[in-house]
Visitor: 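A single structure is presented below for examination.
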Amino acid sequence: MHPHVEIEDLETSLERAAEIVAGAERLAVLTGAGVSAESGMRTFRGAGGLWEGEPVQEVATPQGFQRDPARVWRFYNNRRSHLKTVLPNPGHHALAELERRWTSSRFALVTQNIDGLHQAAGSSHVLELHGSLTRIRCSRCDYLRECPEEDLPELPQCPSCGRLLRPDVVWFEEMLPGNIWELAVEAVTACRAFLVIGTSALVYPAAGLIEMAIRLHVPVIEVNPDRTPISNAATLSLHGPSGEVLPKLVALLPPEQSP
Ligand code: BJW
Ligand code: ZN
């Protein structure tokens, strides 16, 4: 068992977290919008969040897309344009460093984010649970393509069947990509420490991964400036911005053995 320990002092919690991480044969990480906040990406919930001006049921559900596809495309086209102006932050780079140290066979990065910033920071195996802002797909046929740079029209059409294209993201009430979900479950089941970073842990089934780890008695280390529904159950909560906390955590790991 790894009971939750209340440590007020961030430096002490960081040292304890570094011990747990260093001793873990396999690591898994779940990230949410907060990991990209210091890159200038808005999170979803709360003041200043993406859904403050755009009701979630209008821009993040299939019904919203059916009602007003132009509104949904404006929302995603704005985010696509903004994405071209942002860079990964030290939190993303620290996670890429963990993958390099653990190697991909012992490390899994599961993200709810669609911004591609983990890959931009050098993470090579990223399990994107909620899709990608830089991919588009047809709302009817199986047309799918990477589309990172170009500006899209307000109502882009499928070159194959003429129907409306949509962002290749997962909206509420839609299924997550099955193969990616299975890999995420495998990773959490096999890991010996689970880092949960910058997520409100409100959205399922992603938040279910955290519950799974807790049930399996895997130590859960949360990194978030605020408390969340999992803070009490986590083994440790590192209360701070991930762009500051994660580089400190990596710096506290023992030096790599030279070959
Ligand atoms: C920082 C920071 C810094 C700030 N450093 N941290 C079981 C129970 C209850 C409900 C359900 C359930 N199972 C399914 C449901 C329904 C639903 C759901 O979960 N609803 C809940 C809201 C109640 N789930 C679904 O519908 C899912 N599908 C599904 O289950 O299919 C089966 C089904 C079929 C038919 C009917 C019903 C079910 C799909 C969920 C898809 C979610 N999609 C979105 C949009 C993606 C595209 C896009 O980006 O536009 O994914 S919603 C949105 O929320 C997005 C995010 O990935 C996701 C999570 O948000 P996240 O990342 O946690 O962001 P925030 O803003 O909430 O939090 C940010 C955090 O960062 C905060 O804690 C800050 O403190 C912190 N922070 N600065 C570190 N510097
Ligand atoms: Zn089509």
Side-chain angles (χ1 to χ4, degrees), residues 30-52 54-65 72-73 75-80 82-83 89-92 94-95 110-117 128-145 156-178 180-181 195-211 222-231 237-247:
L30 173 70
T31 62
V35 78
S36 298
E38 289 151 275
S39 293
M41 301 290 289
R42 289 161 75 190
T43 60
F44 293 92
R45 295 167 180 83
L50 277 167
W51 289 337
E52 204 173 46
E54 300 281 359
V56 50
Q57 63 277 13
E58 299 307 325
V59 293
T61 63
Q63 296 81 359
F65 187 63
V72 175
W73 264 116
F75 177 68
Y76 281 95
N77 280 338
N78 283 338
R79 289 169 66 190
R80 285 169 55 83
H82 178 59
L83 185 57
N89 67 58
H92 296 106
L95 293 174
V110 184
T111 189
Q112 299 170 82
N113 298 345
I114 61 170
D115 58 26
L117 289 177
E128 291 177 317
L129 293 178
H130 293 163
S132 167
L133 197 47
T134 60
R135 274 196 316 267
I136 53 176
R137 68 176 163 93
C138 181
S139 50
R140 188 174 72 172
C141 74
D142 57 7
Y143 179 84
L144 170 82
R145 87 175 156 95
Q157 286 185 332
C158 174
S160 179
C161 77
R163 286 285 279 267
L164 205 52
L165 292 172
R166 56 164 285 178
D168 187 25
V169 301
V170 181
W171 289 320
F172 284 111
E173 293 174 33
E174 294 186 316
M175 302 299 285
L176 273 57
I180 294 179
W181 173 250
L195 295 171
V196 178
I197 302 161
T199 178
S200 57
L202 292 171
V203 173
Y204 286 79
L209 293 170
I210 310 166
E211 292 164 7
E222 178 181 48
V223 180
N224 198 312
D226 294 337
R227 292 186 70 77
T228 73
I230 64 136
S231 298
S237 289
L238 305 177
H239 291 298
S242 49
E244 292 173 24
V245 170
L246 290 174

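In each ligand, atom 1 is the first atom listed, and ligand 1 is the first ligand listed.
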Visitor: C141 versus R163: any side-chain heavy-atom pair under 4.5 Å?
Guide: no
Visitor: Looking only at protein heavy atoms, which one is nearest to atom 3 (C) of ligand 1, and what is the separation?
Guide: G34 O, 3.2 Å
Visitor: Starting from atom 57 (O) of ligand 1, find the nearest protein heavy-atom neighbour and note its residue, name and distance.
Guide: H130 ND1, 2.8 Å
Visitor: If the cut-off is 4.0 Å to any non-hydrogen atom of E38, which atoms of ligand 1 fall inside it?
Guide: 3 (C), 5 (N), 80 (N)
Visitor: Going by heavy atoms, is E244 under 4.0 Å from ligand 1?
Guide: no
Visitor: Vertex the Zn ion (ligand 2): angle to SG of C158 and SG of C161, to 10°?
Guide: 110°
Visitor: Which residue supplies the protein heavy atom nearest to atom 19 (O) of ligand 1, what is that atom called, and how far is it?
Guide: Y204 N, 2.7 Å
Visitor: Indicate whether atom 16 (C) of ligand 1 is within a distance of less than 4.0 angstrom of some protein heavy atom.
Guide: no
Visitor: How close does the nearest protein non-hydrogen atom get to atom 69 (C) of ligand 1, and which residue and atom is it?
Guide: G198 O, 3.7 Å
Visitor: One residue to check: R79. Relative to ligand 1, which of side chain, backbone, both or neither has a non-hydrogen atom less than 4.0 Å away?
Guide: side chain
Visitor: Examine ligand 1 and decide if any of its atoms is less than 4.0 Å from a heavy atom belonging to A60.
Guide: no
Visitor: Please report which non-hydrogen protein atom sits nearest to atom 23 (C) of ligand 1, along with the residue it belongs to and the distance in Å to one decimal place.
Guide: L202 O, 4.1 Å
Visitor: Can you tell which part of I114 has a heavy atom less than 4.0 Å from ligand 1: side chain, backbone, both or neither?
Guide: side chain
Visitor: Strictly below 4.0 Å, N to O, side chains only: are E128 and R135 in salt-bridge contact?
Guide: yes
Visitor: For a quick test of reading the model, state the closest non-hydrogen atom pair linking M41 to L83 and the distance between them.
Guide: CE-CD1, 4.1 Å
Visitor: Show the atoms of ligand 1 that are less than 4.0 angstrom away from any heavy atom in W171.
Guide: 39 (C), 41 (C)
Visitor: Any N or O on T228 sitting closer than 3.5 Å to an N or O of ligand 1?
Guide: no
Visitor: With a 4.5 Å heavy-atom cut-off, do W171 and R166 have their side chains touching?
Guide: yes
Visitor: Given H130, which of D168, V203, T111 fulfils the side-chain contact (heavy atoms from CB on, under 4.5 Å) condition?
Guide: V203
Visitor: What residue and atom, counting heavy atoms only, is the protein's closest point to atom 45 (C) of ligand 1, and at what distance?
Guide: V170 O, 3.6 Å
Visitor: Using a 4.0 Å cut-off to any heavy atom of E174, which atoms of ligand 1 qualify?
Guide: 27 (C), 28 (N), 29 (C), 31 (O), 39 (C)
Visitor: Would G32 count as being in polar contact with ligand 1, using the rule that some N or O on each side must be under 3.5 angstrom apart?
Guide: no
Visitor: Report yes or no: does a heavy atom of W51 sit under 4.0 Å from some atom of ligand 1?
Guide: yes
Visitor: What's the separation between atom NE2 in H92 and atom CG in D115, rounded to the nearest 0.5 Å?
Guide: 5.5 Å
Visitor: Nearest protein heavy-atom contact for atom 72 (C) of ligand 1: which residue, which atom, what distance?
Guide: N224 ND2, 3.9 Å
Visitor: Purely on distance, is any nitrogen or oxygen of V35 under 3.5 Å from one on ligand 1?
Guide: no
Visitor: Below 4.0 Å, non-hydrogen atoms only: which portion of A37 touches ligand 1? Side chain, backbone, both or neither.
Guide: side chain
Visitor: What protein heavy atom lies closest to atom 47 (C) of ligand 1? Include the residue and the distance to one decimal.
Guide: Y76 OH, 3.6 Å
Visitor: Kindly state if atom 10 (C) of ligand 1 has a protein heavy atom within a strict 4.0 Å cut-off, that is, under 4.0 Å?
Guide: no
Visitor: Check each atom of ligand 1 against the heavy atoms of P241 and keep those under 4.0 Å away; list them by number with element.
Guide: 3 (C), 5 (N), 80 (N)
Visitor: So do the side chains of P167 and L133 get within less than 4.5 Å of each other, counting heavy atoms only?
Guide: no
